Trainee: 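Take a look at the following structure, please.
This one's a predicted model, so the numbers in the text were calculated from it and none came from an experiment. A note on names: the letters A, B, ... follow the listed sequences, proteins ahead of strands, and every chain is numbered from 1.
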Amino acid sequence: MEFTSFLFYLFAAVMLFSALRVITARNPVHAVLFLVLAFFNAAGLWLLLQAEFLAIALIMVYVGAVMVLFLFVVMMLDINIERIRLGFWRHLPLGAAVGGIMVIEMAAVLTGPYFGLDNFPAQLADAAATAEGSNTKALARSLFTGYVYPFELASVILLVAIIAAVMLTLRERKDTKGMRPADQIAIKRSDRVRLVKMASVTDSNASNLAATLDTATDAKGGASQ
Amino acid sequence: MLNNFVVPDFYPLAPEILLLSMSFVILLADLVLGKTQRWVAFALSIITLLGCAALTVMTADGQTALTMSNLFVDDLLSDFLKLMAYLSVIMVLVYGRQYLVVRGLDKGEFYLLVLFATLGMMVMISAASLLTLYLGLELMSLSLYALVAIDRDSKRATEAAMKYFVLGALASGLLLYGMSMVYGATGNLNIADISQVLYQGQADKTVLVFGLVFIVAGIAFKLGVVPFHMWIPDVYHGAPTVVTMLIGTAPKFAAFAMILRLLVYALFAVVAEWQQMLLIMAVLSIALGNLAAIAQKNIKRMLAYSAISHMGFMLLGLTSGVIGKEVDPFTAINAYSSSLYYTLAYVLMSLGSFGMVLLLSRAGHEAEELDDFKGLNQRSPWFAGMMLIFMLSMAGIPFFIGFFAKFAVLTAAIKAGHLYVAIGAVMFSLVGAFYYLRVVKLMYFDAAEDKTPLLARTSFRILLSLNGIAVAAFGLFPDAVMSLCTAVLLHSL
């Protein structure tokens, strides 16, 4: 056995095992970590196929960004795994039977002679040609020339996802207290100070006047908010 | 494709480009618009759609133009379906305006998502490759999932959105898996190339049929036909009525285009196989839709089950294109245009019926129970008459558009030798007439419990009346619409 075949089987076996553990692990954090392992092995398989750009993108984007975020979310949410699994054993026989039949049926078709590499000479030649040069360059060329329309469409889909996420989660609270600097600067003298015309002070109403002035200042102070 | 790249012709794409740029304008305008200026977003959306319609008419020259490296096609069919889609989206916006305002849902995002959903439909309608078809479908679906949840404080709407999202994602997965199998069998993603390869008999049929099963399942999920219909009643019921109306109308045109491009254009080589699958689903949908609708007390749920049965009829037309081994273009065009005619008729009736539900609802009152229609004749004889037209047309009673649509589909089915299927379909339509006529009975023969006057804007009233009159008038001249559908398909197939 060649060394590359050995590597292929190694990566494939670890990937299958970790993919299985993703759905069987009891602890959601473990499940996410197994998913990271699965991605790493998939990246290894891509490297074996000389698709180095995809392999690096997978590690940087998925492992580096997406899965770390995922791990964050899983750690912050208190997921009750027991409650999710409620009824698991009750529904298992039916689910397993349907799934099993589907797997057998699909295997009956897919294990036939249809998907051998010999069936795709044109694609093989393409792949070989791409593997010769830098496949980052080849991918970029096709993305920005022939496939520019689907590329733009994908970006619109991402934009819709952003808009939808903001729309569904952004809540403006109406009871928060905060300062609005723009409003504070734009305030005019006439907004705050009110000149009150009053009768001249005599001894008898002096105490009344003091009280009036006090309330007037309070009202102005309150009006600034 | 790689080394001899020429800048593509953007002219056929003009409507899409206009819609996308205007969406950005609305997105930015929404930042500066206050709560009292939401009508600007509404007006801009309507203007955008009208502009797109103008551009679509300008680019419609009856020729089939491929552009963007053969990923985009502009033919008469796509122009026709796009115009219909704009029309129904405009009607949804006008009907839904007041409903949104009184519930505080008329956010700028609503109009944006509606426009993006429309863009998704346009991309689907004009797809010349499995890749663009799928991306258009995702763009449309993603916008619709978010729209269902737009009333985020409503538990029912959130649940509906979740169901729609999970099942929709599953359906997309099935479709994508099927497409990958077709790619595996033919080595092509381009629809014209796939049919070329299949025509030359180079592809392996086993793999192709294997992929076909998944594609048909994915389409059936999106269309909501039995046995992939479970999400329809819950989503129709849970979503705000405006969104229900949107889901129930314009996407049907996109779905029709998807079926036509995927099954009729690309996979015509396995027509015998997919006709059988569609036939089974059509019969089951017509049966289950009509039977289950009888038990409904909620008019949105009733219209949901009725949608399932109507989609069954639409599929029935598509199963009648090819008889035996011989492919007769005339029969095929006839059958597919009867199906297109049915889609058109259904969308018109559906817009009207949901429009009536919106007409009766007001602040704090949804008017989605059948009992809300009690004694409508005393409250507004004119609109009771409109609802009468919609219900009779949906039931397939003669001299409304619904009758001629059913007639065209059944004629095609009988010509294709599905005599017993046609008889069964008629029987179940008779069963279905019960629940449509029950609404009529409630409106005319029961006393009104709720005597609140109808508070709709003039634009709403005029458009709804026009909608009703169109359903009646197209019934008087059925041949005009039918020959239009035939001509469109004749120039595109």
Side-chain angles (χ1 to χ4, degrees), chain A residues 98 102-127 129-130 132-135 137-172 174, chain B residues 1-8 13 16 20 23-24 27 67-72 107-110 112-113 116-117 119-120 123 129 131-132 134-136 138-143 145-147 149-150 152-153 158 161 177 181 183-185 187-188 203-211 213-214:
Chain A
V98 172
M102 273 185 79
V103 167
I104 292 169
E105 282 176 348
M106 284 165 68
V109 176
L110 297 180
T111 52
Y114 313 112
F115 285 104
L117 282 177
D118 312 334
N119 292 358
F120 303 98
Q123 279 84 344
L124 267 184
D126 271 359
T130 317
E132 282 302 306
S134 143
N135 64 42
K137 208 169 174 179
L139 265 177
R141 268 202 127 107
S142 55
L143 265 189
F144 295 113
T145 58
Y147 289 100
V148 70
Y149 177 56
F151 181 72
E152 293 297 328
L153 281 178
S155 70
V156 176
I157 292 178
L158 289 180
L159 177 71
V160 169
I162 296 171
I163 294 173
V166 171
M167 181 193 81
L168 294 179
T169 52
L170 181 71
R171 283 173 191 272
E172 269 180 46
K174 290 181 183 65
Chain B
M1 195 187 265
L2 289 184
N3 291 319
N4 42 15
F5 177 71
V6 278
V7 175
L13 245 85
E16 279 83 359
L20 186 60
S23 311
F24 295 148
L27 180 64
T67 183
M68 306 305 283
S69 316
N70 296 342
L71 295 171
F72 180 95
K107 307 176 225 172
E109 291 92 347
F110 174 80
L112 272 174
L113 288 173
F116 280 123
L119 182 66
V123 171
S129 150
L131 191 60
T132 36
Y134 178 74
L135 285 171
E138 281 305 287
L139 181 55
M140 181 186 86
S141 311
L142 195 61
S143 315
Y145 303 147
L147 278 173
I150 195 164
R152 54 190 182 183
D153 295 322
T158 315
Y177 189 61
M181 285 297 146
Y183 179 70
N188 273 299
D204 192 279
K205 218 166 165 185
T206 318
V207 180
L208 204 62
V209 174
F210 181 75
V213 175
F214 286 94

Trainee: With heavy-atom distances below 4.5 Å as the criterion, would you say the side chains of A:Y149 and B:V123 are in contact?
Mentor: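 They are in contact (side-chain heavy atoms under 4.5 Å apart), so the answer is yes.
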
Trainee: For chain A, which of B:L142, B:T158, B:L147, B:V213 has the most heavy-atom pairs under 4.5 Å?
Mentor: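 Winner by heavy-atom pair count: B:L142.
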
Trainee: If you tally heavy-atom pairs under 4.5 Å against chain A, which of B:F116, B:F110, B:Y134 wins?
Mentor: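 It is B:F116.
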
Trainee: Considering only heavy atoms, which portion of B:L71 lies under 4.5 Å from any heavy atom of chain A: side chain, backbone, both, or neither?
Mentor: both

Trainee: With side chain to side chain contact (heavy atoms under 4.5 Å, CB included) as the test, would you mind laying out the steps for A:L159 and B:F24 before giving the verdict?
Mentor: CA-CA 10 Å; A:L159 177 71; B:F24 295 148; 3.2 Å; yes

Trainee: Answer with side chain, backbone, both or neither: which region of A:I157 has an atom nearer than 4.5 Å to a non-hydrogen atom of chain B?
Mentor: both

Trainee: What residue in B:A149, B:S23, B:G184, B:G136 has the most heavy-atom pairs under 4.5 Å with chain A?
Mentor: B:G184

Trainee: Minimum heavy-atom separation for A:L168 and B:A146, please, with both atom names.
Mentor: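 Closest heavy-atom pair between A:L168 and B:A146: CD2-O, 4.3 Å.
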
Trainee: What residue, out of B:L119, B:T206, B:T67, B:T132, has the most heavy-atom pairs lying under 4.5 Å from chain A?
Mentor: B:T206

Trainee: Supply the atom-to-atom distance A:M167 CE to B:L113 CG, rounded to the nearest 0.5 angstrom.
Mentor: 5.5 Å

Trainee: What part of A:A161 is in contact with chain B, defined as an atom under 4.5 angstrom from a non-hydrogen atom: side chain, backbone, both or neither?
Mentor: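 Contact with chain B involves both backbone and side-chain atoms of A:A161.
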
Trainee: Can you tell me which portion of B:I150 sits under 4.5 Å from chain A's heavy atoms? Options are side chain, backbone, both or neither.
Mentor: both

Trainee: Hey, what do you get for CD (A:E152) to CG (B:L135), rounding to the nearest 0.5 Å?
Mentor: 11.5 Å

